[in-house]
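Numbering of ligands and ligand atoms starts at 1, following listing order.
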Amino acid sequence: MIIPTLSLAAAADQEQEQLLTRLATFAPAIKLSVAQPADLLAPYVPMSAIARAWVSLATAADSSPEAVLALLDAGVDKAIVPFSTPDNVTALLRSIPAPDRLLVQFQDWLQVNPATLAALAGLVSGIVLPWTDNISAEQVGQVLALVRTQDKRNLLVLDSQATTPAQLATLVPLAHLGATVTVSAAAITFPSTTTSSTSSSSTSEEGIPASTLLTSLLTSDRPDGLFPTIVTDTHATPLGLVYSSAASLAEALRTGTGVYYSRSRSGLWYKGATSGATQQLVRIDADCDTDALRFIVHQHPPGFCHRDTHTCFGTGAAPGGIAGLARTLQARKVSAPEGSYTSRLFIDKDLLDAKLLEEAQELVDAGSASEVAQEAADVIYFVLAKATKAGVSLADIEAVLDARARKVTRRKGDAKPQYAAAIAAKRRTSSTTNGDAPAHAAPAAVPEVGLKMKHVDLATTPSDSPAYAALLQRPILNADKITKIVQPIIQAVREKGDAALVELTKKFDRVDLAGTSPVLLPPFAQHYNPSDLRADVRAAIDTAISNVETFHRAQLAEADLQVETMPGITCSRIVRPIERVGLYVPGGSAVLPSSTLMLGVPARVAGCSTIVIATPPRADGSVAPEVLYVADKVGAAQVVRAGGAQAVAAMAYGTESVLKVDKICGPGNQFVTAAKLVCATDTNAMVAIDMPAGPSEVLVIADADADPRYVAADLLSQAEHGPDSQVVLVAVNMSDAQVGAVEDQVRKQAELLPRVDIVKQCLPKSWVVRAPTLDAAIDFSNAYAPEHLILNLPDATALAVVDKITNAGSVFVGAYSPESCGDYASGTNHTLPTYGYARMYSGVNTGTFVKHITTQYLTKDGLEGLAQCVMTLAEVEGLDAHARAVAIRVGKFNV
Ligand SMILES: NC(=O)c1ccc[n+]([C@@H]2O[C@H](COP(=O)([O-])OP(=O)(O)OC[C@H]3O[C@@H](n4cnc5c(N)ncnc54)[C@H](O)[C@@H]3O)[C@@H](O)[C@H]2O)c1
Ligand SMILES: N[C@H](CO)Cc1c[nH]c[nH+]1
């Protein structure tokens, strides 16, 4: 080994700090001399240098055992204690139980003899000797052999303080022998290379080039003289295999970036120079037989590989886990989506600190292994959020952990009295109760984020208890509050029309439509580039439209009816389409061509003459081609580029460019639903609505036969819709382990979802409901009235259960009927009543877009047969004119 040596200045010194940081990128160790051991703690000594420091106390004022321990506890790799007498030094060394972290420094070669070294055996890991050029290689070999008698890894450090390449050249053979030699750190230079060949770099500056230190002990086993180089990130993930030359190493060390030798271009390769995917050099290491290298780098996006992936190996995905979370948080700190939970945490310090305390408490309370894993994950999330917010990286935390691992003295680690007392009190309480929640307790307070659902057991929650009633509630915001928010929006659209639409779209969707009409007109294909709509997407939409149309056209068959109620009296009901309908297609957090077709197809099948579609525009003001494609398919008259309450108001009242409609249909968030309800009750608007279809929800009834993977996937398919969605698992007679298996799957699958942040806000508002019997599960589901009900039960059981379902928007029967099929393409409609409105509303169907008109035809005989009945009832009500309209026809009234 060749290592730099430096006397550490006691006072802050920026130059030394920079030098130490650079040395730490390639030197296997750095020998430091200090005046005071405490100097090492000077803030300018970077952690990367401390971890590699061999600190000599030979010139220090204090070399007591306490001073040595302080150094080792500060994280230095080795402490070098001065030799005085064998007795003194062995006494000191014995008091420090870390032989592999200690070296002894002799002033003179004459002090080194077999007896002295034998006395040090087992107490140190080597010795340091001054070196001058009158010491022969033979002498070095002899001492080395002695030093290694006890342990062949023991070190002989020759302290040369060399400052020139010539001096270095005389030391290299000694290093080849196995000695560690030092050169003066002050003499190390980082010159630029003047060649791009594979040969050694030529330099114009004085001193010892850093790359020479690195390469002088390397031996390539390749004909081209290159060194195979593995590149990894700071979490040891291999990014790729490249090659280094002496010149590329010089450039890497000079620039502190990833620079390699490109065999294809026969020259230096400054990684990222053209792609922008640059690398910050963290460290270069040689392998054990000095013919290959490892570069540890901070890889900047999009990644190392030419495929724009993090690594060239495997799928190229960056590692997940804690490192992945740290990376995500870092990215969120730079550009967190506004309104996302993580950005709230970064802004709201109190929230973050409160969550940290809350999650730590929940981890303390966690019982089962699965609970501990969940809670530990929550704690880690908030810890990393706190660190990221403070500008502390995972690597910084790991460096502290590594430094602590190097501590020699151990703290007792007792808890502070107030915490110890709190835990003791908790233990006492739990040992005096059976630990069960009281049967009538309200559902427990829950965290707002995480991948854990709340739990409740119907066996201990009677159906007439407040806790049971609470379970039927949805996580909706205060309806009055939302109504107060949407009222002025509606008013603004009524008063200012298009101008308000443009203004509110800018405010809520951050899209500037100024200077353009908020309305797109057909053919809608003119508003997108055909190549932006993939052929497979077009085909999938066509299949979905075909199935939805088949099912909804079949619903027309029962439309007209005609009945003879008495001889000569024929009553009919005829169906007429609602002429002008407005379809709201949500778009705040997802593009929903499926909602467009679920609304547009029945409207077209019903025969509505004017179909207006409204949806929030994308950031550039455009509407997704998939939505426009469906708009053409269903023959829409307009696509309004607006969302939320303003879009609903525009369709309800009309504006200069938006057509007024007779009925507004479609789902949306709480603002959309509230606006629909407000408009429907305003007679000035004269508009109807389909139903309150708000945030998506699913209830899965599953038993022990259900595959936990399927159950979890179904729950997540709705949890990803929005933070206000709710998912419920009703677990029929499942064991703890079976419920745990579903929860494990939920967690695992959720972590893989791009919308995991949304899922994390939904799951803590969701429930695992343990049901002792299938009947209890069905009763609960009927009371909850879910938008979607999945019966993940054996087929025959599931089919029989359908007969007992009294309230649900849509039912998915058996293990192979995931809700996703109904969401997109099987044929049923996905616009369904939520919030429990499935008790009294149907989902969207062909009937949603029609109204019924009744007719009657009475013959003269028919009227005579009914006349007395009508006249009697009219008389009872005192409505004589009613009675006479009949009497005058049957000859019982004349004027
Ligand atoms: N029940 C169903 O059939 C069904 C189907 C699909 C989607 N959904 C639900 O639709 C919803 C879609 O919600 P979304 O937000 O993604 O899209 P969205 O289109 O319903 O709402 C987006 C609009 O909300 C308005 N808005 C946002 N924040 C506001 C604020 N603070 N004040 C006033 N207005 C505000 C904006 O105008 C924005 O354009 C989800 O809850 C999803 O679960 C339901
Ligand atoms: N699940 C939603 C109805 O609640 C509909 C939907 C749209 N896209 C996917 N799913």
Side-chain angles (χ1 to χ4, degrees), residues 337-339 474-477 481-490 492-493 500-501 503-511 513 518 544 583-599 613-619 623 626-627 640-650 665-676 690-698 714 716-727 755 758 761-762 786-790 809-810 812 818-826 828-835 837-838 841 843-844 848:
E338 198 173 331
R474 310 307 205 259
I476 46 174
L477 294 180
K481 196 172 140 200
I482 300 286
T483 304
K484 284 200 181 96
I485 293 172
V486 301
Q487 269 162 339
I489 297 176
I490 295 170
V493 175
L501 263 193
E503 193 183 301
L504 293 162
T505 302
K506 189 165 182 189
K507 177 170 177 191
F508 292 118
D509 300 292
R510 296 178 191 288
V511 182
L513 300 177
L583 313 181
Y584 185 84
V585 175
S589 70
V591 174
L592 294 171
S594 59
S595 295
T596 323
L597 73 89
M598 290 294 174
L599 296 164
I613 295 172
T615 192
R618 300 191 293 187
V623 173
E626 295 82 0
V627 170
V640 182
R641 294 183 294 162
Q646 58 275 22
V648 172
C665 303
N669 63 19
Q670 298 175 30
F671 304 103
V672 172
T673 306
K676 280 168 68 181
D690 51 353
M691 73 190 109
S696 300
E697 51 190 46
V698 67
D714 287 341
L716 290 171
S717 76
Q718 292 315 285
E720 76 170 353
H721 261 298
D724 43 8
S725 286
Q726 188 176 62
V727 300
R755 290 166 72 95
I758 292 179
Q761 293 170 69
C762 163
E787 179 194 18
H788 305 99
L789 169 61
I790 297 181
S810 198
F812 298 78
E819 192 213 300
S820 309
C821 291
D823 280 342
Y824 290 108
S826 54
T828 58
N829 208 286
H830 84 200
T831 313
L832 300 164
T834 59
Y835 295 138
Y837 280 107
Y841 279 95
V844 161
T848 307

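Residue, atom and distance of the protein heavy atom nearest to atom 42 (C) of ligand 1 are S696 OG, 3.9 Å. Nearest protein heavy-atom neighbour of atom 5 (C) of ligand 2: H830 ND1, 3.3 Å. Of the protein's heavy atoms, P667 CB, 3.1 Å lies nearest to atom 4 (C) of ligand 1. Here the heavy atom of the protein found nearest to atom 32 (N) of ligand 1 is F508 CE2, 3.3 Å. Counting only heavy atoms of the protein, atom 16 (O) of ligand 1 lies nearest to S589 N, 2.9 Å.
For ligand 2, none of its N or O atoms has an N or O atom of S595 under 3.5 Å away.
Remark: among candidates A719, P586, G644, the nearest residue to atom 12 (C) of ligand 1 is P586, based on non-hydrogen atoms.
Side chain of K676 to main chain of M691: a donor-acceptor pair is present (N/O by atom type, distance under 3.5 Å, no hydrogens or angles).
Under a 4.0 Å heavy-atom criterion, G722 is not in contact with ligand 1. Using a non-hydrogen distance threshold of 4.0 Å, A645 does not register as a contact of ligand 1.
If you look at M598 next to ligand 1, there are no close heavy atoms at all, none under 4.0 Å.
The atoms of ligand 2 that sit less than 4.0 Å from any heavy atom of S594 are 7 (C), 8 (N).
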